[in-house]
Amino acid sequence: KSKKYITIGLVFHLLAIIFSIGYYTHDEQREVLQVVGYKLGVYDSSYLSFQFHSMLRAWLHPLIYIWPSKIYLFFFKFNPFTLAFIYRLTSSLIGISSLWVLYKSFSKKLEVAYGEKFQNTFFFFAGMLWFLPFLHARTANENLCSSFFIFGFFYLTKESTWKNAI
């Protein structure tokens, strides 16, 4: 039953990727997509904020979008709408994989500790929260930070048993 909730969550993520428009915070445009555009040759460095020139921003976040962009541009002409779709898809795949890691790391532990009913309730809320597909489809820093936090949490807890974690 939990896998059914995850599957429905995947459908909602796909809908968010397709129908998401605009941006949620200015950070998505100013600090991420403009750096990607600079690295792709769309902008010159005068369009970038002082944070880029002072090396205050993280480099990994724009790099995550540069790789798929270069692969796309190798085969196709520059289309900003298609690239925005690819960025939303990339962000959402990272978010979905973090939910999958959360599912895999706690499904057995929750079933043993609290029973199958609680496990199904937990994964209903994890897969069906209305804002997760919306946030995962965004290119904001908060989106990727939360996903990578879940990856790190999984790595830290994968060796521990449920009794040791409490």
Side-chain angles (χ1 to χ4, degrees), residues 2-107 123 126-158:
S2 299
K3 290 183 181 180
K4 178 177 80 171
Y5 297 138
I6 297 293
T7 304
I8 293 171
L10 289 173
V11 170
F12 285 140
H13 275 81
L14 183 63
L15 291 173
I17 293 167
I18 294 170
F19 295 110
S20 182
I21 58 172
Y23 60 93
Y24 182 63
T25 63
H26 67 86
D27 197 40
E28 294 178 54
Q29 301 289 322
R30 183 84 175 138
E31 305 300 336
V32 178
L33 297 181
Q34 282 188 350
V35 174
V36 173
Y38 167 69
K39 292 295 184 182
L40 295 176
V42 177
Y43 299 114
D44 66 5
S45 64
S46 65
Y47 285 101
L48 300 175
S49 70
F50 77 94
Q51 295 175 343
F52 176 79
H53 299 291
S54 301
M55 293 185 238
L56 295 174
R57 299 294 296 186
W59 55 270
L60 182 62
H61 191 180
L63 186 66
I64 290 172
Y65 303 122
I66 290 170
W67 290 340
S69 300
K70 289 195 176 197
I71 293 170
Y72 171 79
L73 292 174
F74 182 76
F75 295 106
F76 303 103
K77 290 175 63 176
F78 180 79
N79 184 346
F81 301 107
T82 306
L83 287 175
F85 176 81
I86 291 170
Y87 301 155
R88 289 192 304 269
L89 179 65
T90 303
S91 295
S92 196
L93 286 175
I94 292 171
I96 290 168
S97 61
S98 70
L99 288 178
W100 182 253
V101 163
L102 188 69
Y103 170 75
K104 288 308 243 182
S105 62
F106 290 109
S107 63
F123 291 113
M128 304 288 279
L129 286 174
W130 67 269
F131 55 85
L132 282 180
F134 171 75
L135 290 177
H136 285 163
R138 309 306 325 151
T139 58
N141 289 328
E142 297 80 13
N143 166 28
L144 289 180
C145 289
S146 62
S147 296
F148 285 118
F149 175 80
I150 291 173
F151 291 137
F153 186 74
F154 166 72
Y155 178 75
L156 289 175
T157 61
K158 73 177 182 177

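All values below were derived from every heavy atom in this structure, side-chain atoms included, with hydrogens, water molecules and symmetry-related copies excluded.
Here T90 contributes atom OG1 and L144 contributes atom CG; the two are 9.5 Å apart, rounded to the nearest 0.5 Å. One distance of note links NE2 of H13 with CD1 of I18; it measures 13.0 Å at 0.5 Å rounding. For the atom pair F154 CZ and L102 CG, the distance stands at 10.0 Å (nearest 0.5 Å). To the nearest 0.5 Å, atoms CD1 (I86) and CH2 (W67) are separated by 16.0 Å. Note: I71 CD1 to I66 CD1 = 12.5 Å, rounded to the nearest 0.5 Å. The distance from atom CZ of F12 to atom CZ of F134, rounded to the nearest 0.5 Å, is 15.5 Å.
Residues F151 and F148 bring their aromatic ring centres within 6.0 Å.
Among pairs with a residue in residues 76-89, none fulfils salt bridge (charged side-chain N to carboxylate O under 4.0 Å, His left out), at least two apart in sequence or across chains. Judged as a side-chain hydrogen bond (donor to acceptor under 3.5 Å, both in side chains), not a single pair has a partner in residues 142-152 (not counting sequence neighbours).
Ring geometry for Y43 against Y47 counts as tilted: the plane angle lies between 30° and 60°, on a 0 to 90° scale.
For Y87, the side chain to side chain donor-acceptor pair (under 3.5 Å) partners are S69, not counting sequence neighbours. Every residue meeting the side chain to side chain donor-acceptor pair (under 3.5 Å) condition with N79, not counting sequence neighbours, appears here in chain and number order: T82. Scanning for side chain to side chain donor-acceptor pair (under 3.5 Å) contacts around S20 gives R138, with sequence neighbours left out. With sequence neighbours excluded, no residue satisfies side chain to side chain donor-acceptor pair (under 3.5 Å) with S45.
Contact record, V32 with P62: O-CB, 4.3 Å, taken as the closest heavy-atom pair. Nearest heavy-atom pair, K70 versus L40, reported as atom, atom and distance to 0.1 Å: CG-CD2, 4.0 Å. Annotation for L48 and Y38: closest pair CD1-CG, 3.6 Å, computed over non-hydrogen atoms.
Listed for the H61 side chain is no donor-acceptor partner under 3.5 Å among the backbone atoms of C145.
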Trace of the side chain to side chain contact (heavy atoms under 4.5 Å, CB included) decision for V35 with W59: CA-CA 9 Å; V35 174; W59 55 270; over 6 Å; no

Residue pair F50, L56: steps toward the side chain to side chain contact (heavy atoms under 4.5 Å, CB included) verdict: CA-CA 9 Å; F50 77 94; L56 295 174; 4.1 Å; yes

